[in-house]
Amino acid sequence: MSLVLRSDDLPPHDRPGTITFSSARSASAARKDDDPTVFLAVQVSGTTVVAQGGRRAVLRTGDMAVYDATRPYTVLHTDSTVLHHVQVPRSALALPQGTIDAVACLRIGPDNNPLAAVVAPYVGSLGSSGVLDRPEAADLVAGPSIDLLRALISMHVADGPRASHPLVLRVQEYVRTHLADRDLSAATIAAAHHVSVRHLYASLSRAGVALQASIREQRLEQCRRDLRDPRSAHLTVGAIGARWGFSDASHFGRVFRDAFGTTPREWRATG
């Protein structure tokens, strides 16, 4: 699981109020993402406009906005600005696409989301401390940070599909911490939470979560990262697949190619 944080620190412009910086992503570029991600923009100072899907959020100090890297977006800075961007794999966020779509480019601030007063300073501290530059520390804070972002988004979505039901959140956390278990299944998950398989599927369905697809996507994401991780260089492709529940090497190769458009060996070789 990974967390990437980038900061835009832009000096004042000669003419206040004019655009000093802009970034955008076209539809064709968004479609080429081999690692679907979601961004959280956190305004530290200045003003930024984030636009996506016909929505436009004006961010001032303490405000935040979520946007999807797989869809076209525009980010405009209109004055001296410090903006943090937290980038999270969509599979690790483990929220229904409908939830992400519902919150995309809505302004999130202390006046409309009680968690904003916690999340914004927290992200600011990550950006100023440089903790994410240390791999061991970054690994340790990634999970809790993604959990906090998930809670922020779920809190902000009043209607539509959301994964905020306590059982759903517990199941998603259980799956994330048991991805390497070969026997991870609806039956074992239901038993661990003392519910029937039927009740488990009904709860997940109401939240828009497809259990088997979510497990497969998260396992493939872990495999994709391990294949380019120097710490896993001594492992064979088959061993990495088996580490994350893909006991059949041929099956692992097929599902990896279907997901990412390249074989595990090709992915590793081009890293």
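Worth knowing before you read on, the calculation uses all heavy atoms, side chains too, and leaves out hydrogens, waters and symmetry mates. Numbers here simply count residues along the sequence, with the first being 1.
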With a 4.5 Å limit on heavy-atom distance, are the side chains of [X] and [Y] in contact?
X      : Y      : value
Ile240 : Pro264 : no
Arg228 : Thr270 : yes
Val49  : Arg56  : yes
Arg243 : Ser232 : yes
Gln218 : Pro89  : no
Val44  : Thr61  : no
His193 : Leu200 : no
Leu184 : Ile189 : yes

> Can you check salt bridge (Lys or Arg N to Asp or Glu O under 4.0 Å) on Asp101 and Arg71, steps first, answer last?
Replying inline: CA-CA 10 Å; Asp101 291 343; Arg71 298 166 55 205; 3.6 Å; yes
>> Using side-chain contact (heavy atoms from CB on, under 4.5 Å), reason through Thr47 and Thr81 one step at a time and then give a plain yes or no.
In response: CA-CA 6 Å; Thr47 303; Thr81 297; 5.7 Å; no
> Is Arg150 salt-bridged to Asp147, going by a charged N under 4.0 Å from an acidic O?
Replying inline: yes
>> Using the rule given for side-chain contact (heavy atoms from CB on, under 4.5 Å), can you reason through Phe256 versus Arg224, listing the C-alpha separation, both sets of side-chain angles and the distance that settles it, and then say yes or no?
In response: CA-CA 8 Å; Phe256 189 96; Arg224 196 183 71 87; 4.0 Å; yes
> What do the steps show when you test His156 against Leu106 for side-chain contact (heavy atoms from CB on, under 4.5 Å), and what is the final call?
Replying inline: CA-CA 9 Å; His156 207 73; Leu106 296 179; 4.2 Å; yes
Does [Y] offer a backbone N or O that forms a donor-acceptor pair with the side chain of [X] under 3.5 Å?
X      : Y      : answer
Ser205 : Tyr201 : no
Ser214 : Leu211 : no
Asn112 : Arg107 : yes
Thr188 : Asp183 : yes
Ser125 : Tyr122 : yes
Gln52  : Pro72  : yes
Ser196 : His199 : yes

Please name the pair of heavy atoms, one in [X] and one in [Y], separated by the smallest distance, quoted to 0.1 Å.
X      : Y      : value
Pro144 : Val141 : CD-O, 3.5 Å
Cys223 : Gly241 : SG-CA, 4.1 Å
Gly245 : Arg182 : CA-CG, 4.4 Å
Gln43  : Arg60  : CB-O, 3.3 Å
Asp68  : Thr70  : OD1-OG1, 2.8 Å
Ala116 : Leu152 : N-CD1, 3.9 Å

From [atom1] ([X]) to [atom2] ([Y]), nearest 0.5 Å:
X      : Y      : atom1 : atom2 : value
Tyr67  : Thr37  : OH    : OG1   : 9.0 Å
Arg219 : Phe252 : CZ    : CZ    : 11.5 Å
Leu40  : Ile153 : CG    : CD1   : 7.0 Å
Leu83  : Leu59  : CG    : CG    : 7.0 Å
Thr48  : Asp63  : OG1   : CG    : 10.0 Å

> Under 30°, 30 to 60°, or over 60°: which ring-plane class applies to Phe39 and His85, parallel, tilted or perpendicular?
Replying inline: perpendicular
> Is Leu140 reachable from Leu148 through a run of hydrophobic residues whose side-chain heavy atoms are each under 4.5 Å from the next?
Replying inline: no
>> For a side-chain hydrogen bond (donor to acceptor under 3.5 Å, both in side chains) check, start with the C-alpha distance between Arg268 and Thr263, then their side-chain angles and the critical distance, and finish with the verdict.
In response: CA-CA 9 Å; Arg268 172 178 255 181; Thr263 68; over 6 Å; no
>> Applying the side-chain contact (heavy atoms from CB on, under 4.5 Å) criterion to Trp244, which one of Asp181, Leu179, Ile215, Leu220 satisfies it?
In response: Leu179
>> I'd like to know whether Ile108 forms a side-chain contact (heavy atoms from CB on, under 4.5 Å) with Val103, so could you lay out the CA-CA distance, the side-chain angles of the two residues, the decisive distance to 0.1 Å, and finally the verdict.
In response: CA-CA 9 Å; Ile108 302 174; Val103 78; 4.1 Å; yes
> With a cut-off of 6.0 Å (strictly less than), are more than 12 heavy atoms of other residues, nucleotides or ligands near CZ of Arg55?
Replying inline: yes
